[in-house]
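So you know, we letter chains A, B, ... as the sequences are listed, proteins then strands, and number each from 1.
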Amino acid sequence: MTASSNRVSQAGLIWRALVLPAALIIIWAVLDAFSLLNSNILVSPTKVLVTAYQGFADGSIPGATAATLLRALTGWTIGASVGLVVGVLIGLSGIARGLFDPSISSLRQIALFAWIPLFSAWFGNGEIMKVTLISLGAFFPMALGAQAGCQNVPAPFREVGRALELSRFATLTKIILPAAVPAILTGLELSLNIAWLGTFGAEYLIGTGYINGMGDGLGAYLAAAREYARMDQVLLGVLFLALIGVALDRLVIGLSRRLIPWRTA
Amino acid sequence: MADSLTLSPPKKLDAGSVKIADVSKTFRVEGRTVHALDSVSLSIEAGEFISIVGPSGCGKSTLLRFLAGLDGPDSGRIIVDGEAIDRPSLRRGIVFQDHRLLPWFSVEKNIGLSLHSVSGSEVEKRERVQYLIDLVGLTGFEKALPHELSGGMSQRAAIARGLAPRPPLLLLDEPLGALDSLTRSHLQDELLAIWEREKCTVVMVTHDVEEAIYLSDRVVVMEPRPGRISQIFNIRNARPRYRDDPEFVTTRREITELLGSQKKKNH
Ligand SMILES: Nc1ncnc2c1ncn2[C@@H]1O[C@H](COP(=O)(O)OP(=O)(O)OP(=O)(O)O)[C@@H](O)[C@H]1O
Ligand SMILES: [Mg+2]
């Protein structure tokens, strides 16, 4: 009963979410039908569709998407892994907190793209630089989530561990980390989001155009489209960024719901 | 069928004696001082079954937490088996008022966790866990997560977790509070059977005067503000006891009247 009514409302939610985009597309198409679009500002929906078809046919769109995805996931994996370890350490140990916490809190205040000048001096403008930047972006939310999760384990659960004479290790694996899982997963979701946004920025801003030739990925695709005033490609690129970003987000949120059934019940 | 961990004799006979001497504790709650306990003294012999009754806020849980070693008094001493308590121990098992099952573990794993730091083989421990699950009537719910249990089922799982390491001193904070009367009287009898078999000392907090008389050697009545012992009732009736026995009824009336007069005095 409840399961099916839940499913109905889920489907309802999806339809409701589609109302606004659908309305925009219709307005767009109507404006185009009455030739009200200035092609320097907005091209017609059909033109975007044709460009999409061509992009798939010549492999440029799948290629750019794959490059961006790979880069984002690499940076995310590295940044989130380091963030998890550092966050757990800071969350557990007062000494680690004293050592790292002030520095991390300060560094976090620096906008991600403000690192670009420094990183390009250190790592050049190639792949290493981009992945480092993305990893750094992914690091902070993960570290913060893991730290908060380990630090805020409810006292009643800690007392269970004390009453059962659990060793430090058993307390960590059976009480602290499981209790921190929801916060860690939130950190994971946020860090993926930052990694995705950061990847685009890195591709768009670093090593494209004049200096080092073309990079690859959706960011470079968009940079080139802008360079050549290809409004159709700009729109297509933006659309793809949004679609894949949302898909990634949903995927991770769906997985994390499954991991913590006691949270969603 | 009981398992080998269940059948092996209690580790040490005569364990579980308690001496509470002049214990006081105050808390600061929103700027006010709360005298949770005010020079409470009580001696409990090894193997005794003690119930504590008293109105909400008279310090019952606080006293139990001290016995468990989760907290300590401001002044006074608590000695168990000749040693001052300075930390929790598996030799003093506590069943919390709020069951405190870990939400990420199944019933089975929650109970098994209390055997984590106990010696014994995995097989023995698994058998012990299953035996206790059957004992508290949770057969078929071994793999269930706490959020899938009713309040009473959670309470029973928590009791099983408290019993698993066979503590010589068993501390129960309203363990049967969330149960229906049938399950409740069944578990009362199970509790008695366990107590007789294990020869452990039991200190149980309850709001149910009848339950206290039915089970205990002594019923300790406490009163609040400041939390202290107002009277101790010796229950001498032989077990099994009958709730309609004249002596039982008289004692129940005495305790109920005492609790009632406290209420008047404090209002
Ligand atoms: N950790 C704490 N911090 C502040 N005050 C506390 C704390 N623990 C207990 N108290 C106070 O001490 C008093 C006694 O609390 P306690 O939990 O021992 O009562 P109780 O007899 O178990 O009540 P109940 O029957 O409602 O469980 C209460 O007034 C409570 O507010
Ligand atoms: Mg209490």
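Contacts of B:Leu70 with chain A are made by both backbone and side-chain atoms, with heavy-atom separations under 4.5 Å. For B:Arg92, no part lies under 4.5 angstrom from a heavy atom of chain A.
Taking each heavy atom of B:Arg161 and A:Val160 in turn, the nearest pair found is NH1-CG1, 3.8 Å. Here the closest heavy-atom approach between residue B:Pro88 and residue A:Ala163 is recorded as CB-CA, 3.8 Å. Nearest heavy atom pair, residue B:Ser114 against residue A:Leu164, reads CB-CD2, 3.5 Å. In terms of heavy atoms, A:Lys174 sits closest to B:Trp104 at O-NE1, 2.8 Å.
A 6.0 Å sphere centred on CG of A:Leu243 holds more than 12 heavy atoms belonging to other residues, nucleotides or ligands. When the shell of 6.0 Å around CZ of B:Phe141 is examined, it contains 12 or fewer heavy atoms from other residues, nucleotides or ligands. For CD of A:Gln109, the number of neighbouring non-hydrogen atoms (other residues, nucleotides, ligands) closer than 6.0 Å is greater than 12. Heavy-atom neighbours of A:Phe100 CZ from other residues, nucleotides or ligands within 6.0 Å: at or below the threshold of 12. Heavy-atom contacts from other residues, nucleotides or ligands closer than 6.0 Å to CD1 of A:Ile95 number 12 or fewer.
Looking only at distances, a side-chain donor or acceptor of A:Glu165 sits under 3.5 Å from a matching main-chain atom of B:Leu90.
If you tally non-hydrogen atom pairs under 4.5 Å between each of B:Pro167, B:Ala68, B:Ser89, B:Gly69 and chain A, the highest count goes to B:Ser89. Contacts with chain A were tallied for B:Asp98, B:Leu102, B:Leu101, B:Leu145; B:Leu102 has the most, counting heavy-atom pairs under 4.5 Å. Ranked by heavy-atom pairs under 4.5 Å with chain B, the list A:Ala170, A:Ala179, A:Ser167 is led by A:Ala179.
Annotation: the span from B:His116 atom NE2 to A:Thr173 atom OG1 amounts to 6.5 Å, rounded to 0.5 Å.
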